[in-house]
Number of protein chains: 2
Amino acid sequence: MTQTPSTPLSATEKAGPLPRQRRTYSIGELARMFEVTTRTIRFYEQEGLLAPERRGQTRIYDEKDRVRLKLTLRGKRLGFSLAEIREVVMMYDAMPDGNRRQLRRLIEILTDKRRNMERQLEDIRLMQLELDDVERRARDVLEGLGD
Amino acid sequence: MTQTPSTPLSATEKAGPLPRQRRTYSIGELARMFEVTTRTIRFYEQEGLLAPERRGQTRIYDEKDRVRLKLTLRGKRLGFSLAEIREVVMMYDAMPDGNRRQLRRLIEILTDKRRNMERQLEDIRLMQLELDDVERRARDVLEGLGD
DNA sequence: GCCGAGGTTGACGTTAACGTAAAGTGCTTG
DNA sequence: CAAGCACTTTACGTTAACGTCAACCTCGGC
């Protein structure tokens, strides 16, 4: 009865009028799709980031799982730990019936992540300048060697 | 043995009117300055990222070292490994007398890093959208609870 | 019936990036 | 001169995020 409408985390999903096919994926498919190993995917499940269904022993992943994996990997590329990612993900899941304190906590976390992003943006900007500089010098030296 | 002429490593040494003084730093100063531990700084040296001078046993860091530490930490925040950072740093140092092959290799690495940055920029953009979305929903639920 | 391709659960191994504790050195301050 | 810092080396410990076996199941095809 507590069937949550199960809307996956998504700001970028085009909710077309198409009858959404209930596509599913095997662990191997997902692995190839995102260029990770199956070990990684199982590990993420063990860490509470995924919860695929089972047909017998075999894991079957649906669209929601796929999106979650995608977001997890994106978070990782941005330097978040699995623990951090899990925190947000779990709070998101618990949101519908979350109490005020939890929700405020979630917003607090999000604000923090956002600050993190801002800093990274600045870091990237500065790093790009450094790279430009180093590359320019390298090219100068190359030229000096008589290209 | 080596009698050093009692220079008290004063931070505010009035040697001249020039603003560009040959300032030096102790390991503790740098640690506080960047909010890392001295262990971290020594570790970076061990990994070939820093090479401070010594007065007896004690490490003395100059402006160049400080900048390098700053860049290292920035690289870390962007998810580069110490090995990667070292690669760039060492090649940069060896640049003046670097041969063509090395220089091309350096430029290749830089191009790679740059691609990395581009991807991170995109990741950040997407992640910000996600965060916006999650936060908006959280606020909606909060409001629904009768704020 | 057997085989290979994929899937499963342990369980132990590995690597990066430090943390932490022990034991010593050197300066300066009461 | 004793105490107290800040610094040093050595060395073992720790954590996250997987990698790497081993030993097993299971299903479609020949």
Side-chain angles (χ1 to χ4, degrees), chain A residues 24-62 65-66 68-89, chain B residues 1-13 24-62 65-66 68-90:
Chain A
T24 64
Y25 309 86
S26 75
I27 193 170
E29 279 181 298
L30 281 187
R32 280 190 303 277
M33 187 174 285
F34 291 106
E35 299 186 296
V36 296
T37 68
T38 59
R39 176 70 177 92
T40 298
I41 297 179
R42 288 198 199 93
F43 181 72
Y44 289 174
E45 175 176 351
Q46 180 184 323
E47 293 299 301
L49 286 166
L50 295 171
E53 299 189 0
R54 298 282 184 132
R55 196 189 49 213
Q57 248 197 156
T58 307
R59 294 165 170 84
I60 47 186
Y61 300 85
D62 61 9
D65 294 319
R66 195 186 59 82
R68 185 169 284 193
L69 177 55
K70 186 178 69 181
L71 293 178
T72 298
L73 293 173
R74 183 181 297 154
K76 278 226 59 191
R77 285 197 301 271
L78 293 178
F80 295 127
S81 72
L82 295 184
E84 291 177 298
I85 296 170
R86 179 183 44 203
E87 194 172 19
V88 173
V89 161
Chain B
M1 263 205 223
T2 39
Q3 274 287 63
T4 51
S6 74
T7 313
L9 190 59
S10 160
T12 47
E13 198 168 328
T24 65
Y25 309 88
S26 75
I27 193 170
E29 279 181 298
L30 281 188
R32 279 189 303 278
M33 188 173 285
F34 291 106
E35 300 187 294
V36 296
T37 67
T38 59
R39 176 69 178 93
T40 297
I41 296 178
R42 288 197 198 94
F43 181 73
Y44 288 174
E45 176 177 350
Q46 180 183 322
E47 293 300 300
L49 287 166
L50 295 172
E53 299 188 0
R54 298 281 184 133
R55 196 190 50 211
Q57 247 196 158
T58 306
R59 294 165 172 84
I60 47 186
Y61 301 85
D62 61 10
D65 295 318
R66 193 185 60 80
R68 185 168 286 194
L69 177 54
K70 187 178 67 180
L71 293 179
T72 298
L73 294 173
R74 183 181 298 153
K76 278 225 60 189
R77 284 197 302 270
L78 293 178
F80 294 128
S81 73
L82 295 184
E84 292 178 298
I85 296 170
R86 178 183 45 204
E87 195 172 18
V88 173
V89 160
M90 291 184 71

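Every chain is numbered from 1, with letters handed out A, B, ... down the list of sequences. All values reported here derive from a predicted model rather than from experimental measurement.
Residue D65(A) holds its CG atom at 11.5 Å from CG of L49(A), rounded to the nearest 0.5 Å. With rounding to the nearest 0.5 Å, the separation of CG in L78(A) from CG in L73(A) is 11.0 Å. The OH atom of Y44(A) sits 9.0 Å away from atom CG of L50(A), with the distance rounded to the nearest 0.5 Å. Taken from CD in E47(A) to CD in E45(A), the straight-line distance is 11.0 Å, to the nearest 0.5 Å. Taking CG of L69(B) as the reference point, atom CZ of F34(B) lies at 5.0 Å (rounded to 0.5 Å).
Near-neighbour residues of DNA chain D inside residues 36-48 of chain A, defined by a heavy atom below 4.0 Å, number-ordered: T37(A), R39(A), T40(A), F43(A), Y44(A).
Residue R55(A) places none of its side-chain N or O atoms closer than 4.0 Å to OP1 or OP2 of dC25(D). OP1 or OP2 of dC7(D) lies within a sub-4.0 Å distance of a side-chain N or O belonging to S26(B). For the OP1/OP2 pair of dT9(D) and a distance below 4.0 Å, the side-chain nitrogens and oxygens of R59(B) include at least one atom meeting the criterion.
For the pair F34(A) CZ and dA17(D) P, the interatomic distance rounds to 19 Å; values are reported in whole Å. Protein atom OH of Y61(A) is 11 Å distant from nucleotide atom C1' of dT8(C), rounded to whole Å. I27(A) places its CD1 atom 14 Å from the C1' atom of dC18(D), with the value rounded to the nearest Å. Rounded to whole Å, the distance from CD on E53(A) to P on dG7(C) is 17 Å. The distance from atom CZ of R32(B) to atom P of dA6(D) is 8 Å, rounded to the nearest whole Å. Atom CG in L50(B) sits roughly 12 Å away from atom P in dT8(D) (whole-Å rounding). One atom, CZ of R54(B), and another, C1' of dG26(C), lie 14 Å apart when rounded to the nearest Å. At whole-Å resolution of the value, CZ in R77(B) and C1' in dC18(C) are 17 Å apart.
When the shell of 6.0 Å around CD of Q46(B) is examined, it contains more than 12 heavy atoms from other residues, nucleotides or ligands. Residue M90(B) qualifies as open at atom CE: its count of foreign heavy atoms under 6.0 Å is 12 or below.
Of the candidate nucleotides dT8(C), dA17(C), dA17(D), dA17(C) has the atom lying nearest to any side-chain atom of S81(B). When distances run from any side-chain atom of K76(A) to the nucleotides dA17(D), dG7(C), dT9(D), the shortest one goes to dA17(D).
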